[in-house]
Visitor: 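Let me give you the structure first, and then I'll get to my questions.
Sequence lines set the chain letters: A, B, ... in the order given, protein chains first and strands last, and positions in each chain run from 1. Since the structure is predicted, the reported quantities are computational estimates derived from the model, not experimental observations.
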2 protein chains.
Amino acid sequence: MNNGRFAIALHILTLLDKANGELLSSEYLAGSININPVLVRKELINLRNHGFVQSKEGKNGGSLLAISSNDITLGEVYKSVRQASFLGHQKNTPNPKCPVGKDINEHLNSLYNDTELILIEQLSKQSLADFSKRFK
Amino acid sequence: MNNGRFAIALHILTLLDKANGELLSSEYLAGSININPVLVRKELINLRNHGFVQSKEGKNGGSLLAISSNDITLGEVYKSVRQASFLGHQKNTPNPKCPVGKDINEHLNSLYNDTELILIEQLSKQSLADFSKRFK
DNA sequence: TTCATCTGTAATTATTTTTATTACAGTACA
DNA sequence: TGTACTGTAATAAAAATAATTACAGATGAA
């Protein structure tokens, strides 16, 4: 995985699972993760778009899980935060005159895709509930 | 994976495999990858330390594979370039007063380690020779 | 023996990516 | 109608990557 967003997303979701339906504010979530509340709110947008959480605006607002933590796998969480590809999208632009350079991004991408599938499969063996259970 | 170094390392190794024992200069390698030669030389240090390549200094110097591309798996290449852990080492320092924050890095690390093992296993199914074969 | 062409490596700068901060409009409760 | 939230944009700061410059040392060849 590629980015710290996975850790943040999973942290948020774990806290929400533990909260058991109680609304948690982005300020509170940020306090546990120890990052800026705006980052949390941005990640919540994404989690909301994926149907994992619901938020309520206004006073006494906050967020909660929209579905059971049994129905969220870590693979889905991973997919929700990954951008483009796996090992970081291809950022090199190799020399097109070189027979290796010309085709390497294509071959790397197919390698990454294959590997990422295995990764997601592995992560999908575990639900958010399983992960959350580890915390007393 | 975590970093563009995997792509660079694999690109270098593929070029060296194609060169079939002929010495390739860092300048030439950098030209195909389209990155700075110093970066290539730094990556070569690492590949050398792992026994994958050999270099020769001085005029007409350069690098070549130190062992057969059949004996280098992509898993080993991955391991040679990864730093610390998988999804990027834990950089958050969550709130230790929070029961989730207190333990999350530990649980994330064990999740990452388990997942990375699967990843390496998957990559190890393919040798450098297999990868290199894909280029005409 | 000296020039040219390499590697090895350090130091510095530039670029890109990530994260934090500030600010404020809109919503909802009391 | 004030207070405590979310939503969101804009900007700044920090961290991570990559490029550049520079030069010493190795090696081969004229």
Visitor: For the residue pair Q122(B) / Y78(B), report whether a side-chain donor-acceptor contact shorter than 3.5 Å exists.
Guide: no
Visitor: Rounded to whole Å, please give me the gap between CG in L16(B) and P in dT7(C).
Guide: 11 Å
Visitor: Tell me: CD1 of I12(B) to P of dT7(C), nearest whole Å?
Guide: 12 Å
Visitor: Could you tell me how far apart L39(A) (CG) and dA13(D) (P) are, to the nearest whole angstrom?
Guide: 17 Å
Visitor: So which protein N/O to nucleotides 4-8 of chain D N/O distances come out below 3.5 Å?
Guide:
| from | atom 1 | to | atom 2 | distance (Å) |
| --- | --- | --- | --- | --- |
| dA4(D) | N3 | K59(A) | N | 3.4 |
| dT6(D) | OP1 | S26(A) | N | 2.8 |
| dT6(D) | OP2 | S26(A) | OG | 2.8 |
| dG7(D) | OP1 | R48(A) | NH1 | 3.2 |
| dG7(D) | OP1 | R48(A) | NH2 | 3.1 |
| dG7(D) | OP2 | R48(A) | NH1 | 3.1 |
| dG7(D) | OP2 | R48(A) | NH2 | 3.4 |
| dG7(D) | N7 | R41(A) | NE | 3.2 |
| dG7(D) | O6 | R41(A) | NH2 | 3.3 |

Visitor: Could you tell me how far apart I33(B) (CD1) and dA19(D) (C1') are, to the nearest whole angstrom?
Guide: 14 Å
Visitor: Take the protein atom CD1 of I35(B) and the nucleotide atom C1' of dT20(D), then report the distance between them rounded to whole Å.
Guide: 14 Å
Visitor: Mind checking side chain to side chain contact (heavy atoms under 4.5 Å, CB included) for L117(A) and listing every partner two or more places apart, or none if nothing turns up?
Guide: none
Visitor: With sequence neighbours excluded, give me every side-chain hydrogen bond (donor to acceptor under 3.5 Å, both in side chains) pair touching residues 20-30 of chain A.
Guide: S26(A)-R41(A)
Visitor: Side-chain donor-acceptor contacts of residues 127-136 of chain B below 3.5 Å, not counting sequence neighbours, with atom names and distances?
Guide:
| from | atom 1 | to | atom 2 | distance (Å) |
| --- | --- | --- | --- | --- |
| S127(B) | OG | A129(B) | N | 3.3 |
| S127(B) | OG | D130(B) | N | 3.1 |
| S127(B) | OG | D130(B) | OD2 | 3.1 |
| D130(B) | OD1 | K133(B) | NZ | 3.2 |
| D130(B) | OD2 | S127(B) | N | 2.9 |
| S132(B) | OG | D17(B) | OD2 | 2.7 |
| R134(B) | NH1 | S110(A) | OG | 3.4 |
| R134(B) | NH2 | Q126(B) | OE1 | 2.8 |

Visitor: Not counting sequence neighbours, which residues clear side chain to side chain contact (heavy atoms under 4.5 Å, CB included) with Q54(A)? List them please.
Guide: L64(A), A66(A)
Visitor: From CG of N36(B) over to C1' of dA10(C), roughly how many Å is that when rounded to an integer?
Guide: 14 Å
Visitor: From CG of L23(B) over to P of dA26(D), roughly how many Å is that when rounded to an integer?
Guide: 18 Å
Visitor: Applying side chain to side chain donor-acceptor pair (under 3.5 Å), name anything that partners S124(B), two or more places apart in sequence or on another chain.
Guide: none
Visitor: In whole angstroms, how far is the C1' atom of dT7(C) from the CD atom of Q54(B)?
Guide: 14 Å
